[in-house]
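Note that this is a predicted model, so its numbers are computed, not measured.
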Amino acid sequence: MAYQGYGHGLGRGPVEAVYRLVVGDFKPDLTLILDLPVAHGLGRAEARGGDNRYEQMDLGFHERLRQGFLDIAVHEPERCVVIDAMQPLDAVGEEIAAVVRSRLSVAV
């Protein structure tokens with residue numbers, strides 16, 4: 001949804017229709033969205049030597065993609081949790097563990 005519907009501009013409707021046709025009603029129990037400003041994300045990708053086709057897309061694509069993920073979280077709060085990825089790495093990890101424990105009732 002995020003990449004095709006928002007990033008590439010197809011919209012939610014067509015992507016949802018294809019998803020229902022192919023997958024049916026199945027949805028993941030939990031989706032973690034690690035959110036940070038686009039410039040920071042691209043900087044991290046560059047620092048680790050990232051060089052895939054998505055990292056080469058223009059800034060507008062990445063902004064639409066980020067907004068798409070956030071919009072998905074608004075539309076599907078029962079499965080999506082947005083985590084601030086600008087926090088220190090340990091804090092992000094702790095938040096992920098807390099969400100997994102809470103939402104899935106498993107020890108992490």
Side-chain angles (χ1 to χ4, degrees):
M1 175 61 72
Y3 282 82
Q4 302 307 321
Y6 292 90
H8 289 294
L10 294 177
R12 290 184 66 89
V15 176
E16 286 173 344
V18 170
Y19 186 92
R20 279 191 306 276
L21 180 68
V22 174
V23 182
D25 292 332
F26 175 80
K27 293 278 183 156
D29 292 328
L30 177 62
T31 300
L32 300 173
I33 299 169
L34 303 178
D35 180 50
L36 71 161
V38 169
H40 287 277
L42 291 174
R44 288 181 183 182
E46 184 177 325
R48 71 172 181 267
D51 190 25
N52 69 43
R53 71 183 187 113
Y54 283 109
E55 290 162 353
Q56 303 306 315
M57 300 277 191
D58 64 51
L59 197 57
F61 171 84
H62 290 283
E63 291 291 350
R64 290 188 305 276
L65 185 62
R66 180 182 185 210
Q67 290 310 309
F69 277 115
L70 296 175
D71 191 57
I72 292 166
V74 167
H75 281 85
E76 301 183 54
E78 68 283 352
R79 77 171 177 95
C80 296
V81 176
V82 178
I83 295 175
D84 178 5
M86 288 294 292
Q87 302 176 81
L89 185 58
D90 289 345
V92 171
E94 289 171 14
E95 190 170 345
I96 289 170
V99 168
V100 169
R101 279 192 303 271
S102 170
R103 292 284 188 105
L104 301 180
S105 300
V106 296
V108 178

(request) Sequence neighbours left out, what pairs pass side-chain hydrogen bond (donor to acceptor under 3.5 Å, both in side chains) with at least one residue falling in residues 86-95? (result)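 As it turns out, the side-chain hydrogen bond (donor to acceptor under 3.5 Å, both in side chains) pairs with a partner in residues 86-95, which skip direct neighbours, are Gln87-Glu95.
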
If the condition is side chain to side chain donor-acceptor pair (under 3.5 Å), which residues does [X] pass it with, not counting sequence neighbours?
X	result
Ser102	none
Arg20	none
Arg12	Tyr6, Glu16
Gln4	none

Would [X] end up clustered with [Y] when hydrophobic side chains under 4.5 Å apart are linked, directly or stepwise?
X	Y	answer
Leu65	Val15	no
Ile83	Met86	no
Leu10	Val18	no
Val81	Val106	yes
Ile72	Tyr3	no

For [X] versus [Y], what's the shortest heavy-atom pair and its separation?
X	Y	answer
Cys80	Ala73	CB-CA, 3.6 Å
Arg44	Ala85	NH2-O, 3.0 Å
Phe69	Ile33	O-CD1, 3.4 Å
Pro14	Gly11	CD-O, 3.6 Å
Leu36	Gly41	CD1-N, 3.6 Å

(request) Not counting sequence neighbours, which residues clear ring pair (Phe, Tyr, Trp, His ring centres under 6.0 Å) with His75? List them please. (result)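 His75 satisfies ring pair (Phe, Tyr, Trp, His ring centres under 6.0 Å) with no other residue.
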
(request) Taking ring pair (Phe, Tyr, Trp, His ring centres under 6.0 Å) as the test, write out the residues that go with Phe61, two or more places apart. (result)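 Residues passing ring pair (Phe, Tyr, Trp, His ring centres under 6.0 Å) with Phe61: His8, Tyr54.
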
(request) Could you work out the complete set of other residues in the hydrophobic cluster of Val74, with links drawn between I, L, V, M, F, W and Y side chains under 4.5 Å apart? (result)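 Grouped by the 4.5 Å side-chain rule, Val74 forms a cluster of one, so the answer is none.
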
(message) I'd like to check the side chain to side chain contact (heavy atoms under 4.5 Å, CB included) partners of Val23; sequence neighbours left out, ordered by chain and number.
(response)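 Applying side chain to side chain contact (heavy atoms under 4.5 Å, CB included) to Val23 gives Tyr19, Phe26.
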
(request) Report the residues that fulfil side chain to side chain contact (heavy atoms under 4.5 Å, CB included) with Val38, sequence neighbours left out, ordered by chain and then residue number. (result)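 Result, side chain to side chain contact (heavy atoms under 4.5 Å, CB included) vs Val38: Leu42, Leu59, His62, Glu63, Arg66.
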
Would you mind reporting whether [Y] and [X] have side-chain heavy atoms less than 4.5 Å apart?
X	Y	answer
Leu70	Asp35	yes
Arg103	Asp29	no
Ile96	Leu34	yes

(request) Can you run down the salt bridge (charged side-chain N to carboxylate O under 4.0 Å, His left out) pairs that involve residues 73-83, sequence neighbours left out, and say none if there aren't any? (result)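 Applying salt bridge (charged side-chain N to carboxylate O under 4.0 Å, His left out) to every pair that reaches into residues 73-83, excluding sequence neighbours, yields Lys27-Glu76, Glu76-Arg79.
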
(message) For Asp58, is the CG atom crowded, meaning more than 12 foreign heavy atoms sit under 6.0 Å from it?
(response)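 For Asp58, atom CG is crowded (more than 12 foreign heavy atoms under 6.0 Å).
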
(message) According to salt bridge (charged side-chain N to carboxylate O under 4.0 Å, His left out), who are the partners of Arg64, at least two apart in sequence or on a separate chain?
(response)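 With neighbours one apart ignored, the set is empty.
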
